[in-house]
Amino acid sequence: MATYVFGHTTPDLDSIVGAISLSYLRNQLGLQSIASRQGVLNLESQFVLEKFGFDAPILKTSYAGEEVYLVDFSDKAQAPVDIMEATIVGIADHHKLGDLTTSTPLEMWVRPIGCSNTVIKQMFDYYGVAIPQNIASIMVCAILSDTVIFKSPTCTKEDTKAVKELAKIAGIEEYKALGMELFNVKSNLTGATPRELILRDFKDFDMSGNTIGIGQLEVVDLTLFDTLKEELHATLSQMQEDREAIMVLLTDIILEGSQLLVCANDNTKIEKAFHTTLHNNEAWLKGVMSRKKQIVPFLEEAYK
Ligand code: MG
Ligand code: MG
Ligand code: MG
């Protein structure tokens, strides 16, 4: 029986590339694996797969009775709805440990570093399997994207080392320029509705029984949002539903900070989390680039 390898709901580049790179490694090891995904490709993933000549992992949202290997998440909220009816054989991730449990032993490659594809690069090294040039190319892109071209506080020496080694295999000299290419693609807001923008990179978290939804858009110029903000606020309040709070981070990767737009039942919780004051449900969070490291832990503390 083949194992499905896939990343989180609303897949980002790390989830898509991780499904491809890890299923390749497992197949080389004689472990029959199929790369899949839980949702549509975002613009960045489309760009990268097309640039390096890959087909998208197959779209599959139901996994009852299947063996699965999870990449880039271990939270139920980011898993397929029938995940508890699947057998989780492994997890490769770089987030906080989520709330999924298993009834059988599994392998876990979880490290506090900048990208799941850095973890997967280390798996290739551990098993002594060579990485093909085209897979090395997309792994470089995934790491540059997740670490915001090494600017994110989640980025470690292991990530920069992995990029250097992978770029060598891929024959990519100007990897920082490639990174900027990715963020220019990500910065394209045209043709998307405010709802689509909020959902582009969106995750729900369970914080002490409260559902908190957090979207993030990483762009090269925050002024791109000047004419959109009003609509984004209106859309957040439409999308709040049963959530205790919903928010979107508008991250400027050049200024290295995020404008936070919030719709919450209790704004004081948000203000407490980030030691800030919300004006018109907004605050500038200087230096904040990482949802997993600079947003989620502080909200979890505030909602305890
Ligand atoms: Mg991810
Ligand atoms: Mg990731
Ligand atoms: Mg990210």
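Residue numbers count from 1 along this sequence. Order of appearance sets the numbers: ligands from 1, and atoms from 1 within every ligand.
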query: Rounded to 10 degrees, what angle sits at the Mg ion (ligand 2) between D14 OD2 and D72 OD1?
result: 80°

field: Co-members of the apolar cluster containing L59 [side chain, <4.5 Å]
entry: none

Metal check, the Mg ion (ligand 2) vs H94 N/O/S, cut-off below 2.8 Å: yes

- line: In terms of heavy-atom contacts, L106 and I88 come closest through CB-O, 3.6 Å

message: Can you tell me which N/O/S atom of D12 has the shortest distance to the Mg ion (ligand 1)?
response: OD2

query: So, N281 versus N267: side-chain donor-acceptor pair below 3.5 Å or not?
result: yes

field: Aromatic Y4 / basic K60 pairing, under 6.0 angstrom, 45° off normal
entry: yes

task: Of all N, O or S atoms in D146, identify the one at the shortest distance from the Mg ion (ligand 2).
output: OD2

Within residues 73-122 or reaching into it, pairs that qualify as ring-ring contact (aromatic ring centres under 6.0 Å, His included) - sequence neighbours excluded: W109-Y126

query: How about H8: does one of its N, O or S atoms come closer than 2.8 Å to the Mg ion (ligand 1)?
result: yes

